[in-house]
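Taking it in order: structure first as structure tokens, then the write-up.
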Amino acid sequence: MTLRLTNTLTGRQETFVPLEPGRVRMYSCGPTVYAPAHVGNFRSFLFADLLRRYLGWLGLEVTWVMNITDVDDKIIRDARRDGVPIAELTARYTAAFLEDAERLRMTRPDVMPRATEHIPDMVALIETLLATGHAYRTDDGSVFFRLASWPSYGQLARLDPTQQRVGERVEADDYGKDDVRDFVVWKGPKDGEPSWETAVGPGRPGWHIECSAMSMRYLGTTFDIHTGGVDLIFPHHEDEIAQSEAATGRQFVRTWMHCAHLQMGGQKMAKRTGNIERPADVYARGYGPRALRYALIGAHYRAPLEFGDDSLRSATAAVDRLDNVLAALDAYRSDAPSDTTMPTALAETRERFTEALDDDLNIAPALAAVFDLVREMNRRLDAGSLSTEDAGSAAAFLRDLDRVLGVMDQGDEALDPDLASMLEERAAARAARDWATSDRLRDALADRGIAIEDTKMGQRWRRLAEVRRA
RNA sequence: GGCGACGUACCCAAGUGGUUAAGGGGGAGGUCUGCAAAACCUCUAUUCACCGGUUCGAAUCCGGUCGUCGCCUCCA
């Protein structure tokens with residue numbers, strides 16, 4: 001059992017060895033809270049969540065940090081446009097993000113540092129960069145990182161800084177930098193913009209410095225894993241490496257991991273192109289959060305993924321299938337003796353599941369192993385060849401795998417007493433062969449998000465709410 | 001122009017040198033069933049964008065062609 005991960009830094013798959021045995025420290029670039037995050041953003045967050053869950057499932061102790069960027073150009077722009085204080089805007093969208101993340105069953109990171117609460121950490125880093133000549137001040141009070149002082153710049157993105165095409169997107173600066181490619185670590189004060197009085201002068205932090213300061217603050221100068229979308233490789237992560245390593249003289253991150261983009265209509269989902277969809281939009285169309293989660297994590301993280309009704313429908317059906325077998329296993333009662341082949345069947349699935357995820361989180365074959373087991377369990381349920389305990393252990397086994405996947409019905413929610421009595425009534429109606437009443441109750445329960453199946457062992461129910469609209 | 005990812009069935013997607021090309025969805029037929037649903041069974045790619053090459057053997061390796069997507073200082 002060795003986990004191998006693709007490291008953007010080396011471009012290769014490497015055996016993952018944590019710096020400290022048994023313990024993993026990872027950082028994920030989180031949201032900028034000026035609008036609700038779209039499902040493309042969530043692909044990257046849920047990819048990090050999948051990794052975090054898998055590491056934990058393997059028995060490693062994980063410290064996961066995800067930042068919240070609560071000061072930046074767009075936040076300032078939108079707050080001004082809406083005439084609301086910045087803190088109010090960011091508080092609103094931070095809450096929205098946390099709610100979306102929770103519904104999508106994203107593991108709560110151990111620390112979610114806010115940029116505005118870590119200005120001193122950033123300033124300390126900037127002071128070091130200034131003192132060592134890796135950064136310089138300009139007339140307006142800004143501080144820039146001096147690219148010329150960092151020869152290995154461009155390693156992560158495999159980009160030659162001298163080849164950058166100045167003029168197209170590399171703009172002649174408005175802060176008066178020495179070299180157009182230098183990037184800002186501290187922005188001098190401007191009218192109408194938030195500003196902090198600090199040892200490097202008044203102003204506000206640049207975007208990149210925030211991740212360097214906050215990740216090192218909670219994870220140390222060198223840590224194991226840093227994740228984000230491929231669009232962050234350059235310049236964001238490249239700049240993080242430069243400023244962090246220039247300041248500490250040590251390697252910043254050992255393994256960089258990046259997930260491919262979510263696409264819609266064959267193009268990257270992005271606010272600038274307008275082809276975005278938010279979790280709320282998806283739910284409004286009748287898909288549940290578990291189906292959305294499945295759609296976002298069901299393909300390999302490094303492959304571009306087309307998002308839309310096709311993928312959501314397919315995901316809904318897949319999650320439904322999992323719910324079904326769990327409901328059937330939970331409801332199963334039999335005096336049959338224990339099926340002696342069960343332990344082997346479960347162990348085999350576990351091995352295939354682990355082997356697949358060990359291979360750079362290759363989730364498709366891991367899911368294939370799960371669904372093969374689902375078919376096998378359904379067969380045995382139909383044949384009645386399981387004991388009650390066998391069914392229980394199979395359900396517990398699947399739910400254990402779900403500590404990684406996070407898409408199944410955990411079966412731990414108490415049923416509303418109202419619904420419970422409707423179920424009882426229906427069972428009674430069926431016993432009396434009163435089909436009209438039983439069918440009416442089935443429809444009524446369906447309206448309340450409960451699906452019913454009648455089996456030889458009586459009626460069985462499952463909840464649809466988290467998967468699809470009733 | 002530079003760099004990178006990729007092209008497998010109706011859709012999504014594994015497989016990266018050797019038995020029948022995983023799995024999910026969809027479709028067709030069947031079994032079970034008061035009806036429904038679910039489940040199960042059978043079928044749904046002699047073929048892996050295309051053209052060459054290496055090899056006893058290629059979806060997998062090499063070369064070329066075509067096509068798609070991304071990054072190249074707002075970006076998950």
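Everything numeric here is computed off the predicted structure, so don't read it as measured data. Chain letters run A, B, ... following the sequence lines, proteins first and then strands; every chain starts at 1.
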**Prompt:** With respect to Lys187(A), which candidate in Asp72(A), Asp73(A), Asp140(A) satisfies the salt bridge (Lys or Arg N to Asp or Glu O under 4.0 Å) definition?
**Reply:** Asp73(A)

Take atom [atom1] of [X] and atom [atom2] of [N], then tell me their distance rounded to the nearest Å.
{"X": "Gln263(A)", "N": "U68(B)", "atom1": "CD", "atom2": "P", "answer": "13 Å"}
{"X": "Asp454(A)", "N": "U33(B)", "atom1": "CG", "atom2": "C1'", "answer": "9 Å"}
{"X": "Arg426(A)", "N": "A36(B)", "atom1": "CZ", "atom2": "C1'", "answer": "9 Å"}
{"X": "Arg430(A)", "N": "A37(B)", "atom1": "CZ", "atom2": "C1'", "answer": "11 Å"}
{"X": "Asp323(A)", "N": "G24(B)", "atom1": "CG", "atom2": "P", "answer": "16 Å"}
{"X": "Leu296(A)", "N": "G24(B)", "atom1": "CG", "atom2": "C1'", "answer": "16 Å"}
{"X": "Arg468(A)", "N": "G25(B)", "atom1": "CZ", "atom2": "P", "answer": "12 Å"}
{"X": "Gln243(A)", "N": "U73(B)", "atom1": "CD", "atom2": "C1'", "answer": "13 Å"}

Is a donor-acceptor contact shorter than 3.5 angstrom present between the side chain of [X] and the base of [N]?
{"X": "Asp72(A)", "N": "C74(B)", "value": "no"}
{"X": "Asp310(A)", "N": "G26(B)", "value": "no"}
{"X": "Arg321(A)", "N": "G24(B)", "value": "no"}
{"X": "Arg158(A)", "N": "C71(B)", "value": "no"}
{"X": "Lys74(A)", "N": "C74(B)", "value": "yes"}

**Message:** Does the structure show Phe42(A) stacking with A76(B), if we require the centres to be closer than 5.5 Å and the planes to be within less than 30 degrees of parallel?
**Reply:** no

Using the [atom1] atom as the point on both nucleotides, what is the distance between [M] and [N], in whole Å?
{"N": "A14(B)", "M": "G7(B)", "atom1": "C1'", "value": "15 Å"}
{"N": "A39(B)", "M": "G53(B)", "atom1": "P", "value": "49 Å"}
{"N": "U31(B)", "M": "A37(B)", "atom1": "C1'", "value": "15 Å"}
{"N": "G18(B)", "M": "G26(B)", "atom1": "P", "value": "33 Å"}
{"N": "C56(B)", "M": "C51(B)", "atom1": "P", "value": "23 Å"}
{"N": "U33(B)", "M": "G17(B)", "atom1": "P", "value": "49 Å"}
{"N": "C69(B)", "M": "A22(B)", "atom1": "C1'", "value": "26 Å"}
{"N": "G63(B)", "M": "U19(B)", "atom1": "C1'", "value": "31 Å"}

**Footprint string (nucleotides 14-23 of chain B, 5' to 3'): B base within contact, S backbone only, - free, heavy atoms under 4.0 Å** = SS------BS

**Request:** Run the salt-bridge test on Arg380(A) and Glu376(A) with the 4.0 Å N-O cut-off and return the result as yes or no.
**Result:** yes

**Request:** Among the candidates A38(B), A13(B), U73(B), find the nucleotide nearest to the side-chain atoms of Leu305(A).
**Result:** A13(B)

**Proximal nucleotide (of C41(B), A36(B), G25(B)) relative to the Arg442(A) side chain** = A36(B)

**Prompt:** Where each pair must be Watson-Crick or G-U wobble with both distances under 3.5 Å, what dot-bracket representation of RNA chain B is obtained, with crossing pairs in [ ] and other-strand partners as |?
**Reply:** ((((((((.[[[..)..(....]]]((((((.......))))))....[[[[[..)....]]]]])))))))....

Just checking, is any N or O donor in the side chain of [X] or [Y] under 3.5 Å from an acceptor N or O on the other one?
{"X": "Thr2(A)", "Y": "Thr15(A)", "result": "no"}
{"X": "His237(A)", "Y": "His208(A)", "result": "no"}
{"X": "Asn67(A)", "Y": "Thr69(A)", "result": "yes"}
{"X": "Asp390(A)", "Y": "Ser393(A)", "result": "no"}
{"X": "Tyr153(A)", "Y": "Asp239(A)", "result": "yes"}
{"X": "Glu240(A)", "Y": "Ser212(A)", "result": "no"}

Closer than 4.0 Å, any side-chain N/O of [X] to the OP1 or OP2 of [N]?
{"X": "Asn378(A)", "N": "A39(B)", "value": "no"}
{"X": "Lys456(A)", "N": "A39(B)", "value": "no"}
{"X": "Arg380(A)", "N": "A39(B)", "value": "no"}
{"X": "Arg460(A)", "N": "A39(B)", "value": "no"}

**Set of residues satisfying ring-ring contact (aromatic ring centres under 6.0 Å, His included) with respect to Phe397(A), sequence neighbours excluded** = none

**Pair Phe353(A) and Trp57(A), ring centroids less than 6.0 Å apart** = yes

**Request:** Quick one: label Arg313(A) by what it contacts on the DNA or RNA (base, sugar-phosphate, nothing), any heavy atom closer than 4.0 Å.
**Result:** nothing

**Euclidean distance, Met112(A) CE relative to Ile68(A) CD1, rounded to 0.5 Å** = 4.0 Å

**Request:** Report yes or no: is the cationic atom of Arg52(A) (NZ for Lys, CZ for Arg) under 6.0 Å from the centre of the six-membered ring of Phe47(A), at an angle within 45° of the ring normal?
**Result:** no

